[in-house]
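Everything quoted here is computed from the prediction, not taken from an experiment. The sequence lines fix the lettering, A, B, ..., with proteins before strands; numbering per chain opens at 1.
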Number of protein chains: 2
Amino acid sequence: MSSHAPHRAHDGWAERAELALAAAGRKRGGARRALLELLAEERCALTAVEIEDALRARSARAVSRASVYRILDELEGLGLVQRVDTGQAMVRYERVAEHEEHHHHLVCDECGIVMPFSDAALERAIDSLSERVPLAVSEHEIVLHGSCRDCAA
Amino acid sequence: MSSHAPHRAHDGWAERAELALAAAGRKRGGARRALLELLAEERCALTAVEIEDALRARSARAVSRASVYRILDELEGLGLVQRVDTGQAMVRYERVAEHEEHHHHLVCDECGIVMPFSDAALERAIDSLSERVPLAVSEHEIVLHGSCRDCAA
DNA sequence: CTTAATGCAAACCGTTTGCATTTCA
DNA sequence: TGAAATGCAAACGGTTTGCATTAAG
């Protein structure tokens, strides 16, 4: 599914995570370390099952489904991971990197592939309208649905 | 939750729906008619449970949960209803009216209220970027999360 | 009468939780 | 040694499905 090109820990995200966890008085466990390592390399949103499989495959360490969810939930609470709701069966998760470009998602409704994209004009439009809307906007999520090139062909 | 101001069948949506269903060789059932009537009046996305409750309340006719889902699924397939994924526990559904303004959603993460909004500049940005992206875009969904005025106060 | 529509209850399946065990500081 | 981390299996909850019954054409 998503390519596996190791991007080499973006802006020390994993380190930042370890720090935040320590500050929150957490101990370091092997499952969480393996998951942090994986998320630091993945460039786009994965499901809990994809994460579980990826961890088992790279033989880093098998992590139980429950732990995957627990750890993701914990990281989300610390603002280190964000949930991406693509409208597919399973929710996806991806790291939130501080100095990385903010991106959104393209979803192929035929094969299910999820790709990231970003657009400055779009962000501007959202920032602008966020001020005129009856909601103190904290975050936004944009998902474009359609057919990817392979499926449309 | 959502206000109940009857908007009086937008652009004959219910009629259009009846027509499309007949064209698809479907028979008319009481459950579906009640649901169409409700959706024609509601201006924003409802969950299956909200629909079920609303139908029971307005005493139009009680409709079983299974039928609510089946009918919504059928209408979605005909392009008469669209699923709105707000990231909350339950998916929401709303009618797709032909000559009605395309809108998106604001979600208060504290109380869960969902409000519609629309913005021309945003639509323009999306139309424009849709042409530069590696996906034949068929639809898009934008959800802004935050705190509504009541909750932020 | 033939086929679609509906209700009910059971099945599904992604996610969460309880609890016993292991690991870290 | 005490708290956090983890795995396993059971529980949850929204959605879907199988099947028997009712109703539309």
* To do: Could you run through nucleotides 20-25 of chain D and give me one letter per nucleotide, 5' to 3': B if any protein heavy atom sits under 4.0 Å from the base, S if only the sugar-phosphate is that close, - if neither?
  => ----BS
* side chain to side chain contact (heavy atoms under 4.5 Å, CB included), paired with B/Arg92, selected from B/Ile51, B/Asp85, B/Thr86 ->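 Testing B/Arg92 for a side chain to side chain contact (heavy atoms under 4.5 Å, CB included) against B/Ile51, B/Asp85, B/Thr86 leaves exactly one candidate, B/Thr86.
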* Report the relative orientation of the aromatic rings in A/His104 and A/His140; use parallel for angles under 30°, tilted for 30 to 60°, perpendicular for over 60°. =>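 Tilted: the ring planes of A/His104 and A/His140 meet at 30° to 60°.
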* Within a strict 4.5 Å, meaning less than it, do heavy atoms of the B/Arg95 and B/Arg16 side chains meet? ->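 Side-chain contact under 4.5 Å: no.
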Which whole-number value in Å describes the distance from [X] [atom1] to [N] [atom2]?
{"X": "A/Leu75", "N": "D/dA5", "atom1": "CG", "atom2": "C1'", "value": "13 Å"}
{"X": "A/Leu72", "N": "D/dT6", "atom1": "CG", "atom2": "P", "value": "12 Å"}
{"X": "B/Leu21", "N": "C/dA5", "atom1": "CG", "atom2": "P", "value": "8 Å"}
{"X": "B/Leu35", "N": "C/dA5", "atom1": "CG", "atom2": "C1'", "value": "13 Å"}
{"X": "B/Glu50", "N": "D/dG14", "atom1": "CD", "atom2": "P", "value": "12 Å"}
{"X": "A/Gln88", "N": "C/dG14", "atom1": "CD", "atom2": "P", "value": "12 Å"}
{"X": "B/Asp73", "N": "C/dA5", "atom1": "CG", "atom2": "P", "value": "13 Å"}
{"X": "A/Glu52", "N": "D/dG7", "atom1": "CD", "atom2": "P", "value": "10 Å"}

* To do: Return yes if the base of C/dG18 and the side-chain atoms of A/Arg70 contain a donor-acceptor N/O pair under 3.5 Å, otherwise no.
  =>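 Donor-acceptor pair under 3.5 Å: yes.
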So, [X] and [Y], do they make that salt bridge, N to O below 4.0 Å?
{"X": "B/Arg70", "Y": "B/Glu74", "result": "no"}
{"X": "B/Arg61", "Y": "B/Glu37", "result": "no"}
{"X": "B/Glu76", "Y": "B/Arg83", "result": "yes"}

* Phosphate OP1/OP2 of C/dG7 contacted by B/Ser64 side-chain N/O (<4.0 Å) ->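 Affirmative; the distance criterion is met.
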* Asked: OP1 or OP2 of C/dG7 less than 4.0 angstrom from a side-chain nitrogen or oxygen of B/Arg61, does that happen here?
  ->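 B/Arg61 to C/dG7 OP1/OP2: side-chain N or O found under 4.0 Å.
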* To do: First locate atom CG of A/Leu106, then atom OG of A/Ser147, and finally report the distance between them rounded to the nearest 0.5 Å.
  =>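 The OG atom of A/Ser147 is 12.0 Å from CG of A/Leu106, to the nearest 0.5 Å.
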How would you label the contact of [X] with the nucleic acid (heavy atoms, under 4.0 Å): base, sugar-phosphate, or nothing?
{"X": "B/Val49", "result": "nothing"}
{"X": "A/Val63", "result": "sugar-phosphate"}
{"X": "A/Ala31", "result": "sugar-phosphate"}
{"X": "A/Ala62", "result": "sugar-phosphate"}

* Looking only at non-hydrogen atoms, find the nearest pair between A/Arg149 and B/Val133 and report the distance. =>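 Scanning both residues, the minimum pair turns out to be NH2-O, 4.1 Å.
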* Asked: Going by number, which of residues 138-145 of chain B have a non-hydrogen atom under 4.0 Å from DNA chain D?
  ->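 Correct list: empty, so none.
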* Determine whether B/Leu78 and B/Val91 fall in the same hydrophobic cluster, where Ile, Leu, Val, Met, Phe, Trp and Tyr are linked whenever their side-chain heavy atoms lie under 4.5 Å apart. =>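 Yes.
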* Asked: Taking the side chain from A/Arg26 and the backbone from A/Leu21, do they hold a donor-acceptor pair closer than 3.5 Å?
  ->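 Such a contact is absent between A/Arg26 side chain and A/Leu21 backbone.
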* Asked: Considering only C/dA5, D/dT6, D/dT17, which nucleotide approaches the side chain of B/Arg32 most closely?
  ->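 The closest nucleotide is C/dA5.
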